[in-house]
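Report on the structure given below.
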Amino acid sequence: MRMMKRTFLAGVSALGIAYAGVAMAAGVTDADLLNDATNTKQVVTNGMGLQGHRFSPLTQINTTNVKDLVPAWSLSFGGEKQRGQEAQALVHDGVVYVTASYSRLFAMDAKTGDKLWEFDARLPEGIMPCCDVINRGAALYGDKVYFGTLDARIYALNAKTGKVVWHKTIDDFKAGYSYSAAPLVIPTKANGTLIVTGVSGGEFGVVGRVEARNADTGALVWSRPVLEGLMGTYKGKDSTMTGKKNETWPGDMYKTGGGAPWMGGTYDPETKLIFIGTGNPAPWNSWTRPGDNRWTSSRLAINPENGEIVWGFQTTPHDGWDFDGVNEFIPFDAKMGGKEMKLGATADRNGFFYVLDRTDGKFIHAMPFVSKITWAKGIDKNGRPIYNEDSRPGDPSKSADGKKGKEVFNVPSFLGGKNQMPVSYDDQTGLFYVPSNEWGMDIHNEPVVYKKGAAYLGAGFNIKPVFEDHIGSLKAIDPIAMKVIWEYKNKAPLWGGVLSTAGGLVFTGTPEGYLMAFDAKTGAVLWKFNVGTGIVAPPITWDQDGVQMVGVAAGWGGAVPLWGGEVAKTFKGIDQGGSYWAFKLASSTAAK
């Protein structure tokens with residue numbers, strides 16, 4: 001992986017406050033959080049509901065009139081701070097909140113797009129974000145808005161003014177820690193409403209963990225390391241060890257073993273569990289760490305009351321290709337074999353789409369959702385990969401010079417069948433809409449030793465397309481029949497999230513700059529609009545005073561342009577940007 005090691009001093013502080021003409025925000029409540037998926041007048045959770053379905057019941061914009069969608073307003077994030085804009089926005093009481101690159105947060109009038117305030121985090125010299133200077137969103141609760149920064153801090157701001165209420169250090173950025181996910185806000189019985197965060201920085205040998213803080217004060221309530229052998233904490237005291245020391249890790253390697261849960265998670269009010277994914281083990285050179293290396297590249301179910309792991313499912317044991325298991329796990333209900341079941345699904349970076357019983361993590365079934373997978377021949381009846389050992393990069397210690405192991409071509413590439421771009425689950429069609437990429441990589445292993453704050457990979461690579469005509473592929477997947485219903489192919493890699501609506505629509509963006517609307521049942525392209533720069537963020541929709549709005553952040557960047565290789569030819573000439581766009585139906589159409 002080509003590391004992005006930037007040194008700069010960014011930001012100032014909260015800017016001006018201008019709330020004239022905007023309804024003053026009432027506090028976001030526990031009920032607001034729990035009902036977010038059905039309350040169309042707000043978007044107060046990342047995922048448009050704690051379960052992360054990214055589905056809206058709104059129907060004003062539908063398959064018959066989406067062709068008449070037009071821009072309502074746009075706000076520039078300003079200055080020279082552009083690069084990747086990967087955040088989903090939040091909407092509450094007439095205000096749109098969205099984070100931007102370089103750890104910024106904007107509040108905008110939801111009717112006009114006028115900027116109400118801007119907060120720029122002051123970033124120190126030497127931060128080490130692996131995958132661009134992005135941020136993936138904020139969280140709302142009470143009178144505060146929360147977001148993380150690239151120097152591994154979390155801020156609570158006054159939602160009306162943008163002024164800092166409290167801020168806490170998550171970890172040492174000089175050791176490679178950062179934080180870019182949207183925080184998760186969860187009501188609990190034992191400790192009130194908690195702000196749940198993970199960490200980023202798996203490529204630096206950090207210790208992956210999940211933490212929960214008091215929403216009012218930021219005080220740490222519990223901490224859960226995701227590598228076996230490490231001790232959790234609860235209210236300042238040791239709680240329980242994660243797993244069993246040295247059960248699947250050799251020696252002390254688990255102490256620098258990666259596993260960073262850098263994507264945040266989902267919460268299921270029915271089972272009262274947090275679902276969160278963990279990153280790849282460190283280093284990439286798998287020959288240095290024999291064993292399954294739990295609980296890296298896994299989905300974990302965590303009790304939000306005390307931080308205890310309830311179950312874990314490892315998608316890529318003994319990962320050797322950077323197949324993080326961080327992709328979102330989406331709860332859904334369905335009938336299987338005549339029995340109503342509480343299920344969950346995830347499109348893994350390793351190229352397989354999994355369905356599990358979300359009450360206990362039991363494997364139900366899996367299917368490849370990208371083509372020509374080489375690292376595994378399939379998934380066995382227990383959910384474990386059937387490895388193709390010829391596709392594991394060779395042991396460098398057995399090479400002639402001891403410096404470079406056998407190089408192999410592997411599919412998917414280390415950027416995965418799916419990466420940070422979130423899926424949508426449509427409650428009406430019963431389909432998952434999965435933004436994916438068809439690509440492979442030449443990869444080899446090298447010797448490596450851990451050094452604090454330095455890249456800890458032990459691998460080299462070059463990403464290549466698999467097909468001549470496309471890399472990006474938006475797929476509609478039936479999670480029960482386990483088959484692809486329709487597919488849209490895009491020349492450049494897809495890196496933006498997906499939104500589906502009861503109006504029969506699926507929205508997503510492309511690097512070429514198009515926000516697009518598809519027929520949810522057939523995949524037919526019904527509308528598109530070019531915002532002038534690539535889209536790598538998830539769209540949202542909401543009801544603003546009786547008018548359905550569609551919003552999305554725009555700005556080309558993220559991991560893909562950093563690592564280019566042969567793939568870079570597909571997005572040559574795409575300009576950077578930094579803005580937020582809102583759309584609505586043309587007045588003549590809306591009046592009908």
Side-chain angles (χ1 to χ4, degrees), residues 226 228 243-244 247-250 259 275-281 284 286-287 289-301 309-332 334 336-337 339 341-394 408-414 416-418 423 432 434 436 438 440 443 475 477-484:
V226 300
E228 66 177 22
K244 183 179 179 181
E247 184 176 19
T248 66
W249 280 92
F275 301 120
I276 195 163
T278 64
N280 58 293
W284 288 22
S286 60
W287 297 97
R289 44 177 172 74
D292 280 357
N293 312 132
R294 292 175 182 165
W295 285 103
T296 60
S297 301
S298 300
R299 304 302 188 281
L300 301 180
I309 294 176
V310 177
W311 57 257
F313 180 85
Q314 192 170 33
T315 46
T316 314
H318 196 212
D319 168 56
W321 307 270
D322 189 30
F323 289 156
D324 296 59
V326 295
N327 291 358
E328 70 276 23
F329 181 79
I330 306 299
F332 71 105
M336 295 191 71
K339 179 184 176 183
M341 296 191 67
K342 294 186 183 303
L343 303 170
T346 187
D348 198 271
R349 198 146 138 180
N350 69 19
F352 288 93
F353 183 88
Y354 295 80
V355 175
L356 309 179
D357 184 328
R358 72 179 187 270
T359 66
D360 56 12
K362 181 181 178 182
F363 174 73
I364 302 295
H365 52 204
M367 61 170 274
F369 68 93
V370 295
S371 305
K372 300 184 177 182
I373 291 174
T374 60
W375 70 278
K377 300 173 184 175
I379 305 296
D380 72 14
K381 64 179 182 181
N382 298 314
R384 189 175 179 86
I386 305 168
Y387 290 103
N388 178 3
E389 291 300 336
D390 291 339
S391 214
R392 183 178 293 276
V408 299
F409 179 74
N410 191 75
V411 177
S413 79
F414 69 90
K418 190 188 86 70
V423 306
F432 279 84
V434 180
S436 63
E438 308 275 2
I443 181 172
K475 296 181 174 75
I477 295 177
D478 184 328
I480 305 304
M482 294 299 267
K483 62 180 182 180
V484 174

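Positions are given from 1, in the same order as the sequence printed here.
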Would you give me the side-chain donor-acceptor pairs under 3.5 Å for residues 359-369, sequence neighbours excluded?
from, atom 1, to, atom 2, distance (Å)
Thr359, OG1, Asp357, OD1, 2.6
Asp360, OD1, Lys362, N, 3.0
His365, NE2, Pro479, O, 2.9

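The two residues Phe275 and Pro331 have their closest heavy-atom pair at CE1-CG, 3.9 Å. The heavy-atom pair separating Phe352 from Gly378 by the smallest distance is CZ-CA, 4.1 Å. Residues Tyr354 and Gly383 share a closest heavy-atom pair of CE2-O, 4.2 Å. Nearest heavy-atom pair across Val411 and Ser371 is CG1-O, 3.5 Å. The shortest heavy-atom contact between Lys418 and Val423 is CD-CG1, 3.6 Å. In plain terms, the two heavy atoms of Val355 and Ala345 that are nearest each other are CG2-CB, 4.2 Å.
Considering only residues two or more places apart in sequence or on other chains, Ser286 meets the side-chain hydrogen bond (donor to acceptor under 3.5 Å, both in side chains) condition with Arg392. Every residue was checked against the side-chain hydrogen bond (donor to acceptor under 3.5 Å, both in side chains) condition with Thr278, not counting sequence neighbours, and none meets it. Every ring pair (Phe, Tyr, Trp, His ring centres under 6.0 Å) that Tyr387 has, sequence neighbours left out, goes to Trp375.
In this structure, the side chain of Trp287 engages the main chain of Pro393 through a donor-acceptor pair within 3.5 Å. Arg349 places a side-chain N or O within donor-acceptor distance of the main-chain N or O of Asp322, the cut-off being under 3.5 Å. A donor-acceptor pair under 3.5 Å is formed between the side chain of Arg289 and the backbone N or O of Trp284. Of the possible polar contacts, one joining the Ser298 side chain to the Thr296 backbone as a donor-acceptor pair under 3.5 Å is found. Judged purely by atom type and a 3.5 angstrom limit, Arg299 uses its side chain to pair as donor or acceptor with the backbone of Gly325. In terms of modelled atom types and a separation under 3.5 Å, the side chain of Asn293 and the main chain of Thr248 share a donor-acceptor contact.
The distance from atom CZ of Phe329 to atom CD1 of Ile276, rounded to the nearest 0.5 Å, is 13.0 Å.
Among pairs with a residue in residues 364-387, those fulfilling salt bridge (Lys or Arg N to Asp or Glu O under 4.0 Å) read Asp292-Arg384, at least two apart in sequence or across chains. Among residues at least two apart or in separate chains, side chain to side chain donor-acceptor pair (under 3.5 Å) pairs with a member in residues 309-318 are Thr315-Asp348, Thr316-Asn350.
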Check your understanding: Which is it for Leu343 and Ile480 under the side-chain contact (heavy atoms from CB on, under 4.5 Å) test, yes or no, and what are the steps along the way?
Key -> CA-CA 10 Å; Leu343 303 170; Ile480 305 304; 4.1 Å; yes
Exercise for review: Give the intermediate values and the outcome of side-chain contact (heavy atoms from CB on, under 4.5 Å) for residues Phe414 and Ile443.
Suggested key: CA-CA 9 Å; Phe414 69 90; Ile443 181 172; 5.9 Å; no
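Looking at Thr374 and Asn410, their side chains do bring a donor and an acceptor atom within 3.5 Å of each other.
Proximity of the aromatic rings of Phe432 and Phe332 is defined here by a centroid distance below 6.0 angstrom, and this criterion is met.
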